[in-house]
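Within every chain, numbering begins at 1; the chains are lettered A, B, ... in the order of the sequence lines, protein sequences first and strands thereafter. Worth saying up front: this structure is predicted, and the values here are computed from it rather than measured.
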Amino acid sequence: MTDVRGRVKAFLAERDPATTDRLDFLRARFDAGLAWVHFPEGLGGLGLPRAQQELVEAELAAAGAPDNDPRRIGIGLGMAAPTILAFGSDELKQRLLRPLWTGEEVWCQLFSEPGAGSDLAALGTRARRDGDDWLVTGQKVWTSSAHTARWAILVTRTDPDVPKHAGMTYFVCDMTDPGVEVRPLRQITGEAEFNEVFLTDVRIPDAHRLGEVGDGWRVAQTTLMNERVAIGGRSIPREGGMIGVVSDTWRANPDRRTPEAHDRLLKLWVEAEALRLAGIRLRQQLANGAPGPEGSAMKLAFARLAQELSGLELEITDDGLRYDDWTLRRPDMVDFTGRDAGYRYLRAKGNSIEGGTSEILRNIIAERVLGLPSEPRVDKDVAWKDLPK
Amino acid sequence: MSDPNLLTSDVEEALRAGVRELLADKADAATVLGRVESSTPSDLDLWRTLVDLGATSLPIPESLGGQGVSWREAAVVAEELGRAVAPVPFLGTMLATAALLTLSDDPHAQDALKRMASGESVVVLAIPLSGPVDGPLARTVRSVADAGVADQFLVPADGGLHLVEAASVQPVVSLDLTRPVWDVTFDDPGVRLTGSGESAVDSALLAGSALLAAEQVGIAEWCLTTTVAYLKQRYQFGRPVGSFQALKHRLADLWQSIVLARAAALNAADALATSNDDVRVAVAVAQSLCSTVAVRAAEECVQLHGGIGMTWEHPAHLYLKRAKADELALGTPGRHRAALASLVNLPG
Ligand SMILES: Cc1cc2nc3c(=O)[nH]c(=O)nc-3n(C[C@H](O)[C@H](O)[C@H](O)COP(=O)(O)OP(=O)(O)OC[C@H]3O[C@@H](n4cnc5c(N)ncnc54)[C@H](O)[C@@H]3O)c2cc1C
C-alpha cells in the first residue's frame, strides 16, 4: 500500500501537474506504471492488485492531475485494452496501449453488422488470407466514434464452412488504411454519434490478429465481458447523473408537480440510490478480487432507470414540447447532461440497445447466473454458409 | 461522506453459516408449517438455541452480557431468519433492545437488557406492528408482534417508556402465520424508565426497519432460488418450463432487483451500525425498496409454481404471508417514500 502511495508521491514530486503539459503528464504517468496498476510493468502498470488503483486515482486527483477523459475513450479503455492485453503480441501491446490510455488514439468497435446484431456470431464480414496479410471485405454498422477513431477492434468470418461460432477471427484494424470508409449514420437525436463502416479489401497484417485463427468468438467474449463490467466502474455521488438532473427539475418547477409524478419520482430516486450503492458494492468486490455477476444487473437497471427518468423529466420540464437542436452533427462523445430534456429522453432509448440489448442481457443472466436451461438451438451444428439469412 | 462498507466480513459470513446450519436442521419448511399450526406458534426451543449461540444479543454491550458487536451482525441473522421464515420472536425483541439501548443509563433498562441477553426473559416493545406509531397509545395495543412469548413489555406512554407486565395477551388470527401478532392490554403503569420515550421508539423503528430490510432480502432470495430450482425440473410442452424465455426474463428481472435490494439493505445496516447521519435516508431507501422486492419475489414464486404454489403443503404461502406482512410492518413503502421526500427535499 505505502509502496504505491510512495510511488505516486515520488512521481508527483518530479512532475507538478500545474506546470506540466497535459499530454506529457499522462504519458509520463503511463510510463511510471500508474495508468492501471494491475497491468504488467512496461505496459502502464506495476503488476499489482487492482484494488490499489483507487488509491492512485485518489492521490492524483487530490494533486490536481489531469484525467485521461474516459468518457471519450471508453471503448479503448473498457474493451480494446483488456482484449489486447489478453491476446495481443508483445509488439502490439507496446505499440497500442500507451496512446490508447492517454487518449491520443481513439478506438472503435467494428462488431455489429446489418445482419448480425444480438446474434453477433452470425456476422459475414470476410477475411481471406493473402500471404502475411488478410484482406477484409464487408459492412459494419452503428459504429460509435468511427469518425474519430484511429483504431478498431474487428471481428470477421474466416471460415464459412463450419458452424458460426467456430469460423470467426479477431483483428485490430487501422482505420486510416485504404479501403476503410466511414459514413455518418444519423440517429434519433438528430446527430450522428455512430456510423456505417464499409470495408473493401482492407489489408490487415497477420501480426494484427488477436488470438488464433477461428478463435474470434472466444476473444470477442473477453471484450464483451469487459464491456459489461465497465458500466459500474466509476463512483458517483448521491443524486449524481440523471436522477440529479430530474430532482433539480422537480425542485425548480413547483407548478408542474402532481401526486402521481411525485410518487414516480420518489420510486426512481430510491432505485437510483440503490443502483449507486450496488456500484459501490461491486467496486468493493472488485477491490477484493472477486467481482460477482452484479455488473449485468447494473446495466439492466441503469437502462431502465435512465429511460423512466428521462420520460418523467419531459413531463415536469417547463416546456417539454421544445427541442434544442436537430442539426446533423458528429459529436465525439455523448453529452448527456449538457443538453436538454428532449435530447436525454431520446438518447436514453439507446441505453437498452447499445452494448447488448436488455433482452439479451436477461437471457445471459437467466442462463449463466441463474442456471436456467437454454432455448432449443437451431443454428448450433449448421455451417455458417447454410444458415438462413 | 466516505463510502459505506457494503461487503460482509468473514466473521459475518461465519455467523451466517452457523445460523443457516441451525435453521436447516431445526426450521425446515415442514417443521415450520407444523409449528405454526400448533397451539404454540413460536418455536422456543429454537429461540433458546439462538440465544445460546449469541445470535439474539449481538447489539447488547458485553458489560450487559451481550455480544457487543453491531447491528450489521444482527442484520445477518435477520436475513437468515427471513430465508427460513423461522417462527422466533427476533423482531419484537430487537425493537425492545434498540429502545432500551437508548435508555441504558436507567438501571431497570440495564437489568432488562441483561435478562434478554441471557435468554431469561423476552421483552417486547408494545407498538402495533402495522403502525404508524404516532399519538398516545391506547390501553390496548393492537397487533403486537411476538407478544405471545413476552414476559414483559415496553410501553410508550406519557412521553416515556414503561416496563410493564401485561394484563392480558390475546391471540388474534394473523395473516402471517410465522410471525403472529397479538392484542395486548395493560392496567399497571409499571416502571417508568428515565429518558425520552419518543427517541427510544424512534431508534427502535430505525433499527427494526433496517433489520426488516435484511429479512426481506432473505425472503426474496429464498423465493428466487426455489423458483429457479423448480422451473429447471418441471417439464411442460416437452421442455423444462425454465427454458421458456418469458419466464427467464421475469426471473432475470427479479434477480436484478434483488441485487439492488441487497445493496440497499446492507447500506441501512451499515448506517445503523456506524450511527452515521445518513441513517434515516438509508433506512427509508432500504425499506421502500426491499419491501416491494420481497413481495414481488413471493408473488412470482406462487405464480410460477402453478397449482402447487397455491397448496398449503408447499412453503411458498408462508413466504408470501411473511413478505406481505413485512411490507405493512413499521411503515409501508409509500410511507417510507413520504419520509424520504422531506429528508432529501423533494416536496410533493
Ligand atoms: C447508440 C448505439 C451505439 C452502438 N455502438 C456500437 C458500436 O460502437 N459498435 C458495434 O459493433 N455496435 C454498436 N451498436 C450496435 C448494438 O450493439 C446492436 O444494436 C445491438 O447488439 C442489437 O442488435 P440489433 O440492433 O441488430 O438488434 P436485433 O438483434 O435485430 O434485435 C431486435 C430486437 O430483438 C430482440 N432480440 C434479438 N435476439 C433476441 C433473443 N435471442 N431473445 C430475445 N430478444 C431478442 C432485441 O433485444 C431487440 O429488441 C450500437 C447501438 C446503439 C443503439
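- Across all non-hydrogen atoms, the minimal contact from B/Phe244 to A/Glu375 is C-OE2, 4.2 Å.
- Considering only heavy-atom pairs separated by less than 4.5 Å from chain A, the leading option among B/Leu231, B/Asp253, B/Val259, B/Leu340 is B/Asp253.
- The most heavy-atom pairs under 4.5 Å with chain B, out of A/Ser358, A/Ala301, A/Pro259, come from A/Ala301.
- In this structure, B/Ala263 and A/Ala274 approach most closely via the heavy-atom pair CB-O, 4.1 Å.
- The number of heavy atoms from other shown groups lying within 6.0 Å of CZ (A/Phe111) is above 12.
- No part of B/Ile258 comes within reach of chain A, as not one of its non-hydrogen atoms sits under 4.5 angstrom from that chain.
- Of all heavy-atom pairs spanning A/Ala297 and B/Trp255, the tightest one is CB-CZ3, 3.5 Å.
- Rounding to the nearest 0.5 Å places CD of B/Gln245 at 11.5 Å from CG of A/Leu372.
- Nearest approach of A/Glu271 to B/Leu260, heavy atoms of both residues: O-CD1, 4.0 Å.
- Few gaps surround CD on B/Glu13; more than 12 heavy atoms of other groups in view lie less than 6.0 Å from it.
- Of the two parts of A/Pro254, neither the backbone nor the side chain holds a non-hydrogen atom closer than 4.5 Å to a non-hydrogen atom of chain B.
- B/Arg337 has its side chain out of reach of A/His262: every pair of non-hydrogen atoms, C-beta onward, lies at least 4.5 Å apart.
- A/Glu367 places a side-chain heavy atom less than 4.5 Å from the side chain of B/Lys248.
- One finds the CD1 atom of A/Ile365 at 11.0 Å from the CG atom of B/Leu251 (value rounded to the nearest 0.5 Å).
- Between A/Leu277 and B/Leu6, the shortest heavy-atom contact is O-CD1, 3.2 Å.
- For a residue to count as touching a neighbouring chain, one of its non-hydrogen atoms must lie under 4.5 Å from one of that chain's; by this rule A/Arg281 touches chain B with backbone and side chain alike.
- Highest contact tally toward chain B, considering only A/Thr258, A/Asn363, A/Leu265, is held by A/Asn363 [criterion: heavy-atom pairs under 4.5 Å].
- The shortest side-chain heavy-atom distance between B/Asp278 and A/Arg238 falls under the 4.5 Å cut-off.
- B/Leu247 does not touch chain A: none of its heavy atoms, backbone or side chain, sits under 4.5 Å away.
- Counted within 6.0 Å of CZ on A/Arg257, heavy atoms from surrounding residues, nucleotides or ligands total more than 12; the atom is thus considered enclosed.
- Proximity to chain A involves both the backbone and the side chain of B/Pro347, based on heavy atoms less than 4.5 angstrom apart.
- A/Lys380 NZ: 12 or fewer foreign heavy atoms inside a 6.0 Å radius.
- Heavy atoms of B/Arg250 lying under 4.5 Å from chain A are absent altogether.
- Using a 4.5 Å cut-off between heavy atoms, B/Val281 touches chain A through its side chain atoms alone.
- When each of B/Ala252, B/Ala229, B/Ser243 is scored by its heavy-atom pairs under 4.5 Å with chain A, the top score falls to B/Ser243.
- Separating the CH2 atom in A/Trp269 from the CG atom in B/Leu343 is a distance of 8.5 Å, to the nearest 0.5 Å.
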Working note: B/Asn267 + A/Ile280, criterion side-chain contact (heavy atoms from CB on, under 4.5 Å); need CA distance, chi angles, decisive distance, verdict. CA-CA 10 Å; B/Asn267 185 49; A/Ile280 293 176; over 6 Å; no

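- Residue A/Gln284 comes nearest to B/Pro4 through the heavy atom pair NE2-O, 2.8 Å, listed as atom of the first residue, atom of the second, then distance.
- For A/Asp318, the CG atom sits in a loose shell: 12 or fewer heavy atoms of surrounding residues, nucleotides or ligands are nearer than 6.0 Å.
- Note: A/Leu361 CG to B/His249 NE2 = 9.5 Å, rounded to the nearest 0.5 Å.
- Atoms CZ and CG, from A/Arg251 and B/Asn345 in turn, are 5.0 Å apart once rounded to the nearest 0.5 Å.
- Atoms CD and CG, from B/Gln256 and A/Leu275 in turn, are 8.5 Å apart once rounded to the nearest 0.5 Å.
- Within 6.0 Å of atom CG in A/Asp381, 12 or fewer heavy atoms from other residues, nucleotides or ligands are found, so the atom counts as exposed in its surroundings.
- The candidate from A/Pro373, A/Ala366, A/Pro237 with the greatest count of non-hydrogen atom pairs under 4.5 Å with chain B is A/Pro373.
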